[in-house]
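To start, the structure under review is shown below, and the notes come after it.
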Amino acid sequence: MKYDKPPKAVILAQGFFGSTNGKTAHGLVRYSKRYEIVGVIDSKFAGRDAGEVLDGHRRGIPMLPSLDEAVGIGAKVLIVGVATDGGYLPKEYRRYVKSAIENGMDIVSGLHEFLSDDREFAALAKRKKVSITDVRKMFLGMQRFFTGDIEKVKAVKVAVLGTDSAIGKRTTAIMLVEKLNEMGHKAVFVGTGQTAWMQGAKYCALIDAMINDFVAGGIEGEVVRAWKENKPDFIVVEGQGGIMHPAYPGGFEIIAAARPDAIILQCAPKRIFYDGFEDYRIPDLKKFFEIMTLLSGKGPVGISLNTERMKKSEVQGYVKSYARRYGVPVSAPLYTGVDALASGLSGLLTHRARAVKKTG
């Protein structure tokens, strides 16, 4: 269904809000231009503010006990706000989806399991004249092969890559774009996952929904398109998975296809094991520096800290410690913003301009 303005949407995150599997909901609570988020369904936190539950910052989005309240506040869209292992719809969510359709709500899902292919949902949606949007399904047909046109992009290309999945790469990338624009630069965001599309990303390649042969071309194509249409100073690309995650080894395609001029490394100092894989310990950060340097020819120019399990009083200590240890700007976005990272990138742009002037 088409809307003249961002429609009111409620996020279904029952049983998952606040966990790493609830990252789609978390991203939409923090930032959304495609939808006006008016509530999050998770009865465990009913009555509280979603932002306050998530990271202590009130955002005026109520946590709801059930779908009835969502209908009562005029929600037009139900967004499945979870990213489960394997991308399957939790069995207990079927009744929420069915009830939402019966109440005339459109459905949006970023799961690998396509809800529009479900016979019961599809028949009900047809009868109620509502739409079911499977975000990943939209990108199955993206079949652009890598061409090398990435070399024509003159913007500073920044990739935000992570030591793990569900660690805050997209949030850091979006905050960087906003900060760089505030500083007077022109910056554009390129998303690589379903949540980025839901948040309203104009340039997006869902790399885990595409045929492998076309992933590099998809990334390249969106970066090139962002350059041609905007001529920005910076293009910031969202990372996927973790560089060495056993199940989600994202980042390699982004380094190869986007050819980043700068890499921001996202990590969680208090996360010991890979998300969902407690038998696999996350290596020391130095190993990630070494791998990124080997792959891209350059090490990270900054570190972004996920502050999960940290006390507020600990954050500044970690920021200073990591800056001293690794010799690069460090930010903890949810507490300090991304000023240090943005300033470092701004300096990189100035250095490049001087180098071009000197050689010219």
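- Looking only at distances, a side-chain donor or acceptor of Asn306 sits under 3.5 Å from a matching main-chain atom of Glu308.
- Comment: Lys157 engages Asp261 in a salt bridge, judged by a side-chain N to carboxylate O separation of less than 4.0 angstrom.
- With Glu238 contributing its side chain and Ala173 its backbone, the two residues share no donor-acceptor pair below 3.5 Å.
- Of the possible polar contacts, none joining the Arg48 side chain to the Met63 backbone as a donor-acceptor pair under 3.5 Å is found.
- The shortest heavy-atom contact between Ala268 and Ile167 is N-CD1, 3.5 Å.
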Decide yes or no on salt bridge (charged side-chain N to carboxylate O under 4.0 Å, His left out) for Lys179 and Asp339, but give the supporting numbers first.
-> CA-CA 7 Å; Lys179 188 63 185 180; Asp339 295 39; 3.4 Å; yes

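- Within 6.0 Å of NZ on Lys228 lie no more than 12 heavy atoms contributed by other residues, nucleotides or ligands.
- Glu314 places a side-chain N or O within 3.5 Å of a backbone atom of Lys311 that can act as its donor or acceptor partner.
- Inspection of the Ser99 and Glu102 side chains reveals no N or O donor paired with an N or O acceptor under 3.5 Å.
- The shortest heavy-atom contact between Ile150 and Ala257 is CG1-O, 3.5 Å.
- Of the charged side-chain nitrogens involved, none lies within less than 4.0 Å of a carboxylate oxygen, so that Asp275 and Lys23 do not count as a salt-bridged pair.
- To the nearest 0.5 Å, atom OG of residue Ser296 and atom CG of residue Leu161 are 8.5 Å apart.
- Here the side chain of Tyr203 pairs no donor or acceptor atom with the backbone of Val237 at under 3.5 angstrom.
- With Arg59 contributing its side chain and His57 its backbone, the two residues share a donor-acceptor pair below 3.5 Å.
- We find the CD1-CG distance between Ile235 and Asn230 to be 8.0 Å, quoted to the nearest 0.5 Å.
- The side-chain hydrogen bond (donor to acceptor under 3.5 Å, both in side chains) with Gln266 is formed by just one residue from the set Thr172, Asp164, Thr171; it is Thr172.
- One distance of note links CG of Leu295 with CD1 of Ile254; it measures 12.0 Å at 0.5 Å rounding.
- Applying the ring pair (Phe, Tyr, Trp, His ring centres under 6.0 Å) test to residues at least two apart or on different chains, none of the pairs has a partner in residues 59-81.
- The existence of a salt bridge linking Glu52 and Arg58 is confirmed by a sub-4.0 Å separation between a basic side-chain nitrogen and an acidic carboxylate oxygen.
- Counting all heavy atoms, side chain and backbone alike, Phe289 lies closest to Leu265 at CE1-CD2, 3.9 Å.
- One N or O on the side chain of Asp49 and one on the backbone of Gly60 form a donor-acceptor pair closer than 3.5 Å.
- Checked by atom type and distance alone, the side chain of Glu178 never pairs as donor or acceptor with a backbone atom of Met175 at under 3.5 Å.
- Note that the CD1 atom of Ile174 and the CZ atom of Phe189 stand 4.5 Å from one another [nearest 0.5 Å].
- The main-chain N or O of Leu111 is found under 3.5 Å from a side-chain atom of Ser109 such that the two form a donor-acceptor pair.
- Cys267 and Ile303 get closest at one heavy-atom pair: SG-CG2, 3.9 Å.
- When every heavy atom of Asp42 is checked against every heavy atom of Gly15, the shortest pair comes out as OD2-N, 3.1 Å.
- Relative to the ring axis of Phe121, Arg94 places its NZ or CZ within 45° and under 6.0 Å from the centre.
- Note that OG of Ser165 is 12.0 Å distant from CD1 of Ile243, once rounded to the nearest 0.5 Å.
- Salt bridge status for Arg225 with Glu222: present, with a side-chain N to carboxylate O gap under 4.0 Å.
- In this structure, the separation between CD on Glu220 and CD on Glu253 is 14.0 Å, given to the nearest 0.5 Å.
- Environment of NZ in Lys270: crowded, with over 12 heavy atoms of neighbouring residues, nucleotides or ligands closer than 6.0 Å.
- Under the 3.5 Å distance criterion, the side-chain polar atoms of Asp118 are matched with a main-chain donor or acceptor of Glu120.
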Tabulate below the donor-acceptor pairs under 3.5 Å that side-chain atoms of residues 330-337 make, not counting sequence neighbours, or state none.
from   : atom 1 : to     : atom 2 : distance (Å)
Thr336 : OG1    : Ala332 : N      : 2.9
Thr336 : OG1    : Ala332 : O      : 3.1

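- Across every non-hydrogen atom of Met142 and Phe214, the tightest pair is O-CB, 3.8 Å.
- Atom NZ of Lys231 has more than 12 heavy atoms from other residues, nucleotides or ligands within 6.0 Å.
- Each of Phe252, Tyr280, Tyr274 was compared with His245 under the ring-ring contact (aromatic ring centres under 6.0 Å, His included) criterion, and only Tyr274 meets it.
- Within 6.0 Å of atom NZ in Lys186, more than 12 heavy atoms from other residues, nucleotides or ligands are found, so the atom counts as buried in its surroundings.
- Surrounding CZ of Phe273 are more than 12 heavy atoms belonging to other residues, nucleotides or ligands, all under 6.0 Å away.
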